[in-house]
Amino acid sequence: MAVTATERRAMDRALALATRGPRGVNPQVGAVILSPDGEVLAEGWHRGSGTPHAEVDALSKLAPGAARGATAIVTLEPCNHTGRTGPCALALIEAGVTRVVYALDDPGEVSGGGAERLRAAGVSVESGERATEARAVIGDWLIASRLGRPHVTVKWAQSLDGRAAADDGSSQWITGPEARADVHRRRAQADAIAVGTGTVLADDPALTARAGDELLPHQPVPVVIGTSATPADAAVHRHPHTPLFFDTHDLSAVLAELHARGIQTLFVEGGPTLASAFLSAGLADRVLAYVAPVLLGGSRLAVTDIGVRSIDQAHRLVVDEWLPLGADLLAIAHPADADDPDRTGPEKEGTL
């Protein structure tokens with residue numbers, strides 16, 4: 001049975017409801033329950049870890065038996081496991097729902113399989129409706145769920161000859177105002193922003209997302225990685241969020257801890273040592289390289305040792321976009337092997 005226009009409209013509503021839920025360890029999911037004649041009976045969304053999932057939240061607003069013969073419209077495949085809450089697939093079956101339309105499959109080995117359970121119980125199931133729109137809502141969660149770590153963007157700014165600073169260490173500013181504004185906009189889209197302790201000591205960054213002198217509404221959680229001590233008066237201590245400090249060079253351990261804290265996206269701001277460590281370990285999912293039309297020469301490379309000893313070991317990238325920003329150029333790229341599900345899973349080790 002094809003998805004109806006009424007069901008498509010209900011999916012659009014479910015996607016809007018999904019965004020009301022918090023970002024974190026669990027996905028943002030919305031649900032709408034339709035009567036057999038297409039009337040909206042109830043709506044729900046997931047409000048965070050330990051709370052009812054979207055389908056159950058919607059069902060809870062109905063009297064016993066009111067969902068019998070109904071259709072459930074859900075942005076993610078109903079789960080099939082018992083954790084802090086019960087299986088949503090079973091809840092729908094027990095409520096008497098006879099049709100389920102959902103957008104995206106649940107990628108979890110334990111939580112997936114809800115569609116199969118529903119079909120086995122005689123429920124009509126349609127998947128893939130508004131999948132692109134649903135992926136825009138929980139794409140970061142899908143990646144984090146598959147990899148067992150946050151999605152990592154590694155950013156750097158460089159001269160045309162690949163330098164991040166002049167030989168005396170000065171680097172403000174290699175790029176122009178348009179490029180710097182773009183960086184702040186992208187910072188505001190991330191859950192967390194990371195630098196190495198060397199960058200803290202050398203540049204004392206605030207790690208905030210700003211528009212001019214004003215803080216943007218969303219601020220990434222600042223993360224400092226490395227074994228050097230951060231001064232008590234460092235600007236990062238004045239960030240709106242309490243900084244997270246990791247006295248380690250084990251990047252995989254850092255990412256695992258951030259993932260456990262519900263951080264889905266990490267923006268690696270630098271410097272060259274930290275950026276190169278993420279690249280070397282294969283832990284970069286996206287690269288942002290801001291290139292300025294200036295020559296600096298010298299030894300201050302934007303990217304240092306990433307473990308490449310011969311050309312056949314080169315880290316191949318696919319450029320998604322070349323974006324002009326004033327006089328500068330931004331290359332947005334991802335690893336050529338990004339479709340390999342084992343490329344950067346939890347077992348991958350990375351050290352700084």
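We're numbering straight along the sequence, starting at 1.
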J.: Would you name the heavy atoms of A164 and I174 that are closest together and state the gap between them?
T.: O-CD1, 3.0 Å
J.: Does any non-hydrogen side-chain atom of V152 lie less than 4.5 Å from one of V268?
T.: yes
J.: Are T153 and L288 close enough that some pair of their side-chain heavy atoms sits under 4.5 Å apart?
T.: yes
J.: Can you list the residues that meet the salt bridge (charged side-chain N to carboxylate O under 4.0 Å, His left out) rule with D191, with sequence neighbours excluded?
T.: R23
J.: For the residue pair L244 and V224, establish whether any side-chain heavy-atom pair is separated by less than 4.5 Å.
T.: no
J.: For D213, give me all partners under side chain to side chain donor-acceptor pair (under 3.5 Å), at least two apart in sequence or on another chain.
T.: none
J.: To the nearest 0.5 Å, how far apart are CZ in R186 and CD1 in I193?
T.: 13.0 Å
J.: Looking only at side chains, do T6 and R9 share a donor and an acceptor under 3.5 Å apart?
T.: yes
J.: Working to the nearest 0.5 Å, report the span between CZ of R20 and CH2 of W45.
T.: 4.5 Å
J.: Between the main-chain N or O of A211 and the side-chain N or O of E214, is there a donor-acceptor pair closer than 3.5 Å?
T.: no
J.: Evaluate side chain to side chain contact (heavy atoms under 4.5 Å, CB included) for L258 paired with F246, printing each intermediate quantity in order.
T.: CA-CA 10 Å; L258 294 177; F246 293 92; 3.9 Å; yes
J.: Give the intermediate values and the outcome of side chain to side chain contact (heavy atoms under 4.5 Å, CB included) for residues L118 and I93.
T.: CA-CA 7 Å; L118 288 163; I93 293 167; 3.7 Å; yes
J.: Has Q264 got a side-chain atom pairing as donor or acceptor with A144's backbone, closer than 3.5 angstrom?
T.: no
J.: What are the two closest heavy atoms between T265 and A190, and how far apart are they?
T.: OG1-CA, 3.4 Å
J.: Taking atom types as modelled and ignoring hydrogens, do the side chains of D161 and S159 form a donor-acceptor contact shorter than 3.5 angstrom?
T.: yes
J.: Could you tell me whether the side chain of L215 reaches within less than 4.5 Å of the side chain of P240, counting heavy atoms only?
T.: yes
J.: Between D57 and K61, is the closest basic N to carboxylate O distance under 4.0 Å?
T.: yes
J.: Please report the shortest heavy-atom distance between I33 and A72, naming the atom on each side.
T.: CD1-CB, 3.8 Å
J.: Would you say the side chain of T75 lies within less than 4.5 Å of the side chain of L104, judging by non-hydrogen atoms?
T.: no
J.: Show your reasoning for whether side chain to side chain contact (heavy atoms under 4.5 Å, CB included) applies to L92 and V123.
T.: CA-CA 9 Å; L92 292 169; V123 177; over 6 Å; no
J.: Please report the closest heavy-atom contact between D167 and G298, naming both atoms and the distance.
T.: OD1-CA, 3.5 Å
J.: Is a donor on one side and an acceptor on the other found under 3.5 Å between the side chain of R149 and the backbone of H259?
T.: no
J.: Do side-chain atoms of K155 reach the backbone of F267 as a donor and acceptor pair under 3.5 angstrom?
T.: no
J.: Return yes if some donor-acceptor pair links the side-chain N/O of T227 with the main-chain N/O of T248 below 3.5 Å, else return no.
T.: no
J.: If you define the side chain from C-beta out and look only at heavy atoms, does anything of V291 sit under 4.5 Å from D328?
T.: no
J.: Output the distance between atom NE2 (H237) and atom CZ (F245), rounded to the nearest 0.5 Å.
T.: 4.0 Å
J.: Side chains of H334 and D320: is there a donor and an acceptor less than 3.5 Å apart?
T.: yes
J.: If you round to the nearest 0.5 Å, how far is CG of L251 from CG of L274?
T.: 6.5 Å
J.: Would you call D12-R8 a salt bridge at under 4.0 Å N-O?
T.: no
J.: Pairs in or reaching into residues 46-69: which pass ring-ring contact (aromatic ring centres under 6.0 Å, His included), with residues at least two apart or in two chains?
T.: H46-H53
J.: Closer than 4.0 angstrom, basic N to acidic O: yes or no for D168 and R300?
T.: no
J.: Minimum heavy-atom separation for A14 to I73, with atom names?
T.: CB-O, 4.2 Å
J.: Judged by atom type as modelled, is there a donor-acceptor pair below 3.5 Å linking the side chain of S276 to the main-chain atoms of T273?
T.: no
J.: Taking the side chain as every heavy atom from C-beta outward, state whether V287 and I332 have any pair of such atoms under 4.5 Å apart.
T.: no
J.: Sequence neighbours left out, what passes salt bridge (charged side-chain N to carboxylate O under 4.0 Å, His left out) with R286? Give chain and number order.
T.: none
J.: At their closest point, which heavy atom of A333 faces which heavy atom of L317, and how far apart are they?
T.: CB-CB, 4.1 Å
J.: Determine, for D312 against R316, whether the closest basic-nitrogen to carboxylate-oxygen distance falls under 4.0 angstrom.
T.: no
J.: Got a sec, which residues hit ring pair (Phe, Tyr, Trp, His ring centres under 6.0 Å) with H241, two or more places apart in sequence or on another chain?
T.: H239
J.: Going by heavy atoms in the side chains, are T304 and I306 under 4.5 Å from each other?
T.: no
J.: Is Q219 reaching over with its side chain to a backbone N or O of A209, donor-acceptor style, under 3.5 angstrom?
T.: yes
J.: Cut-off 3.5 Å, no hydrogens considered: what does the side-chain donor-acceptor table look like for residues 194-205, sequence neighbours left out?
T.:
unit_1: T199; atom_1: OG1; unit_2: G271; atom_2: N; d: 2.7
unit_1: D204; atom_1: OD1; unit_2: A235; atom_2: N; d: 2.8

J.: Looking at E129 and E126, would you say the former's side chain and the latter's main chain have a donor-acceptor pair under 3.5 Å?
T.: no
J.: Rounded to the nearest 0.5 Å, what separates atom CG in D106 from atom CG in L76?
T.: 5.0 Å
J.: Measure the spacing between OG of S145 and CG of D140 and express it to the nearest 0.5 Å.
T.: 12.0 Å
J.: Just wondering, are more than 12 heavy atoms of other shown residues or ligands nearer than 6.0 Å to CD in Q313?
T.: yes
J.: Within the 3.5 Å criterion, strictly below it, is a donor on S124 or R99 matched to an acceptor on the partner's side chain?
T.: yes
J.: With a cut-off of 6.0 Å (strictly less than), are more than 12 heavy atoms of other residues, nucleotides or ligands near CD of E116?
T.: no
